[in-house]
Amino acid sequence: MRQILDSLLRDALHSLEDSEGWTGLAETSPELERSRDPRHGDFTSNVALRVAKRHGQKPREFAEALKGRLAASELVESVEVAGPGFVNLRLSAEAIHREIRRMLAEGESYGSSDAGGGRRVLVEYVSTNPTGPLHVGHGRNAAYGASLANLLRTTGHTVDEEYYVNDAGRQIDILAASVWLRYVEALGNALPFPENAYQGGYVRDIAARLVELEGAALCSDLGPVAAVLGPATDGGKESLGETDAANADSGEDTDERMDRLIAAIRRSAGEDAFNTVLDAALTDILADIRDDLEAFSVRFDHWFSERSLTGGGAVERALKTLAADGHLYENDGATWFRSTALGDDKDRVVVRENGATTYLASDIAYHLDKCERGYDVMLNVLGSDHHGYLARLKAAVEALTGHGERLEARLVQFVVLYRGDVKAQMSTRSGEFVTLRALREEVGNDAARFIYVSRSNDQHLDFDLELAKSQSIDNPVYYVQYAHARIASMLRRLAEDGLSRPDAASVDLGALEQPEERALMVALGRFPELVRLAADNRAPHHVVHYVRAIAAEFHAWYNAQRILVDDAAVRDARVTLALAVRCVIRNALRLVGVSAPESM
RNA sequence: GCGCCCGUAGCUCAACCGGAUAGAGCAUCGGCCUUCUAAGCCGAGGGCUGCAGGUUCGAGUCCUGCCGGGCGCGCCA
């Protein structure tokens, strides 16, 4: 429908161009928008305001001339020039009814399009370090990324969803060390547990499983480890040994000591034992993450391992590629990526003085791999705290392929949990954070996903647990789901009464004469445009706001008009409208991963 | 200090490429259930869109400068 109106307008502009000798009209995009105010018709165009002056015309005069050139169409009931020079179109009943019939004919696919032309998009999201369970912040990233992938797929993109597993590097070593210490502890050897090790209870769980599987096999001479940790503290705050408070507060010092701890464990337990611990930890945590996401209706096509890059020579190859084009140089014993030449504010180390490659080096290799897989768009969904990292990554993609623009990042702002008015504190370090799993169990998957994407991704999100949990008017999810359930219930009643559903293809919708019915039908017909808008803007929250508005219009209508009336013509028309509402609500909720229940 | 994001009703947020009188929910107040689910509906009040300039037919939206908040600025990941 939108396209037909667009071309009507464009034809009229062409016609004006020919008859008046005004050039450049066809190049102006037609600027057809949905009217906000029903008094301004259903669609409105501001072309006259934009171009009239250029041709020495007053906007209203131009608008009148344009109106005169608009070809008659069975889709348009009236054309009006209004205000400073807007051209307002009002849809005909035929146009509206046709769209309703289309909804019912297309069903699940109503709203989808081939706008993306099959372009290949890789959406990388969540990608948290597998050093612990997902928390509520990751949940937002997951909900946003999954909804975005749905939107892109629905608008004709070929989408892959990918989780980059940072299963290499220092954080993972710290995790392994943490588990090993808990393992040793479980075997009855109390050693001090450093503050900058992973404190969460899941570390003990993994250690306990290791004890079951391996017995004491992973534990040998504790001497060197104990030497690094210092004497066990009795009760109270556990801390790094041999240090006073001032030393413990110095980041470099504790970091260095952690490195010595890891080295000591590797030596005393042996490389094999250390790797067994590390693998067990990764396996457990990844299984938990995968299970958690699965239950949240978030499924990835690929789980891409960082270790597969570092172990397979991909990092060396990527660096060689950069070096070949002169993007690398040596300084202070390290190898640097000249990212400043490509927009970054400082150059970045890719190979450290000690010969180890950096996280960035892995990420460069990872993105080279993405590029080689031939994606048109690499869409990375990141926590807002990673924004400082983007410039160097963009520089890397540009250096590798000359197509830095293919990397597109979307930042998801933080989530602040509230319980009523009380802020629920989360801290990864202390292990006291709220997990996604706990959140899901408390408020349910539907409420969680709905609320997560109800705000623009670059807006901080206040997530009120009480609100999400409440089975009441307060909860926006139920409001929408309730509309769907009411329709389902009405349909059951229809069947119980032995009445058949109207045939969508032939039903006469002329009985829908109320202004609210017309408004509801027009709003439903906007769904395909809404889906495109949300996909183009990477803004799934539009879907949430839209479907809420549809639910509101439906509830109002439902309260004002009885659907199952005796008059068969009226009843058929109303049932058809209800079916159309059901179709759009279902499709919209599916996009954001929320169920559409038959009853509540 | 530099960089990115954000300041809209008492609270939480919308506002499609810059459009016409800035909209919802919550909270407050007043109404509606012998009829399809009251997890619903109808109505009322509530605004200098942080401040000051600029751009133009038109600015919550774009530009500049302030003020306020969040985050980031490792040979960490």
Side-chain angles (χ1 to χ4, degrees), chain A residues 29 31 33-37 39-40 44 46 49-50 52-53 58-59 82-86 88 129 131 166 168-172 174 251-252 255 306 332-336 345-346 348-354 356-360 362-363 383-391 411 413-414 416 418 421 454-456 458-462 464 467 470-479 481-483 485-494 497 526 529-530 532-534 536-537 539 541-542 544-545 548-549 551-552 554-565 574-575 578 599-600:
Chain A
S29 53
E31 302 281 346
E33 293 184 338
R34 291 276 178 173
S35 307
R36 288 182 188 171
D37 187 327
R39 281 170 300 181
H40 300 145
T44 185
N46 60 6
L49 291 161
R50 301 178 77 90
K53 204 168 159 189
K58 289 185 174 153
F86 293 104
N88 297 333
N129 289 347
T131 51
N166 300 129
R170 190 162 174 275
Q171 294 305 321
I172 297 301
I174 296 174
E252 208 175 331
D255 277 359
E306 182 184 355
D332 293 339
T335 305
W336 298 70
D345 44 8
K346 55 181 85 163
R348 308 293 173 175
V349 170
V350 286
V351 183
R352 285 185 274 255
E353 198 177 353
N354 67 10
T357 55
T358 60
Y359 174 80
L360 175 63
S362 292
D363 226 356
S384 61
D385 54 336
H386 286 70
H387 71 256
Y389 188 72
L390 281 176
L411 301 173
Q413 296 289 332
F414 286 177
V416 183
Y418 287 85
D421 287 336
S454 66
R455 304 279 179 261
S456 166
D458 47 30
Q459 196 75 238
H460 289 256
L461 176 66
D462 286 346
D464 186 340
L467 195 74
S470 68
Q471 307 225 334
S472 74
I473 181 174
D474 299 352
N475 196 322
V477 193
Y478 292 119
Y479 184 81
Q481 291 184 321
Y482 185 53
R486 270 182 151 179
I487 294 169
S489 172
M490 179 277 294
L491 292 170
R492 282 192 296 272
R493 171 65 75 92
L494 182 74
D497 291 349
R526 197 166 81 88
E529 294 159 42
L530 186 278
R532 278 202 56 184
L533 175 77
D536 289 348
N537 291 357
H541 74 278
H542 286 315
V544 169
H545 287 276
R548 208 205 170 281
F554 168 76
H555 284 308
W557 176 60
Y558 183 90
N559 273 274
Q561 307 286 339
R562 193 180 164 79
I563 296 173
L564 300 180
V565 292
R574 290 183 181 166
V575 169
S599 66
M600 290 173 69

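Fair warning: this is a prediction, and the values are worked out from it, not measured in the lab.
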Separation of [X] atom [atom1] from [N] atom [atom2], in whole Å?
| X | N | atom1 | atom2 | value |
| --- | --- | --- | --- | --- |
| A:Phe554 | B:A39 | CZ | P | 14 Å |
| A:His460 | B:G68 | NE2 | P | 17 Å |
| A:Tyr482 | B:A39 | OH | P | 5 Å |
| A:Trp557 | B:U37 | CH2 | P | 14 Å |
| A:Tyr558 | B:C33 | OH | P | 16 Å |
| A:Tyr389 | B:C71 | OH | C1' | 17 Å |
| A:Tyr479 | B:A38 | OH | P | 13 Å |
| A:His541 | B:C13 | NE2 | P | 12 Å |

For [N], does the base pair up with any side-chain atom of [X] as donor and acceptor (N or O, under 3.5 Å, distance only)?
| X | N | value |
| --- | --- | --- |
| A:Asn88 | B:A20 | yes |
| A:Arg36 | B:U21 | no |
| A:Asp385 | B:G72 | no |
| A:Thr44 | B:A20 | yes |
| A:His387 | B:G3 | yes |

Taking the [atom1] atom of each, how far is [N] from [M], in whole Å?
| N | M | atom1 | value |
| --- | --- | --- | --- |
| B:C63 | B:G18 | P | 10 Å |
| B:A24 | B:C41 | C1' | 16 Å |
| B:G25 | B:G19 | C1' | 26 Å |
| B:G58 | B:U21 | C1' | 14 Å |
| B:C51 | B:A14 | C1' | 24 Å |
| B:C4 | B:C16 | P | 23 Å |
| B:G60 | B:C26 | C1' | 22 Å |
| B:G69 | B:U56 | C1' | 32 Å |

Do A:Tyr558 and A:Phe554 have ring centres separated by under 6.0 Å?
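For A:Tyr558 and A:Phe554, the ring centres are under 6.0 Å apart.
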
Would you call A:Phe86 stacked on B:A20, i.e. ring centres under 5.5 Å apart with the planes less than 30° off parallel?
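A:Phe86 ring centre within cut-off of B:A20 base, planes near parallel; stacks.
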
Is there aromatic stacking of A:His40 on B:A20 here, judged by a ring-centre distance under 5.5 Å and a plane angle under 30°?
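It does: the two rings, one from A:His40 and one from B:A20, meet the stacking criterion.
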
Give one of base, sugar-phosphate or nothing for A:Asp37, where a contact means two heavy atoms less than 4.0 Å apart.
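Nothing, no nucleic acid heavy atom in range.
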
NA contact type, A:Leu533, heavy-atom cut-off 4.0 Å: base, sugar-phosphate, or nothing?
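Answer is sugar-phosphate: A:Leu533 comes under 4.0 Å of backbone atoms only.
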
Does A:His542 have any ring pair (Phe, Tyr, Trp, His ring centres under 6.0 Å) partners at least two apart in sequence or in another chain, and if so, which?
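Checked A:His542 against ring pair (Phe, Tyr, Trp, His ring centres under 6.0 Å); zero matches.
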
Nearest of [options] to any side-chain atom of [X]?
| X | options | answer |
| --- | --- | --- |
| A:Asp255 | B:A15, B:G74, B:C75 | B:G74 |
| A:Asn537 | B:U37, B:C6, B:C16 | B:C16 |
| A:Arg526 | B:C75, B:C16, B:A77 | B:C16 |
| A:Ser456 | B:A14, B:C75, B:G25 | B:A14 |
| A:Arg50 | B:G19, B:U37, B:C41 | B:G19 |

Would you say A:Gln171 and A:Thr131 are linked by a side-chain donor-acceptor pair, where the criterion is simply a distance under 3.5 Å?
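No.
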
Stems formed with participation of RNA chain B [Watson-Crick or G-U wobble, under 3.5 Å, three or more pairs]
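B:1-7 with B:67-73, B:10-13 with B:23-26, B:28-32 with B:40-44, B:50-54 with B:62-66 - these are the stems of 3 or more pairs that involve RNA chain B.
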
What is the glycosidic conformation of B:C13: syn, defined as within 90° of 0, or anti?
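It is anti.
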
Please list, chain by chain and in numerical order, all residues satisfying side-chain contact (heavy atoms from CB on, under 4.5 Å) with A:Ser456, sequence neighbours excluded.
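Checked A:Ser456 against side-chain contact (heavy atoms from CB on, under 4.5 Å); matches are A:Asp458, A:Gln459, A:His541.
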
With a 3.5 Å distance limit and no angle check, can you tell me whether A:His40 reaches the backbone of A:Ala82 through a side-chain donor-acceptor pair?
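Checking the backbone N and O of A:Ala82 against the side chain of A:His40, no donor-acceptor pair under 3.5 Å is found.
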
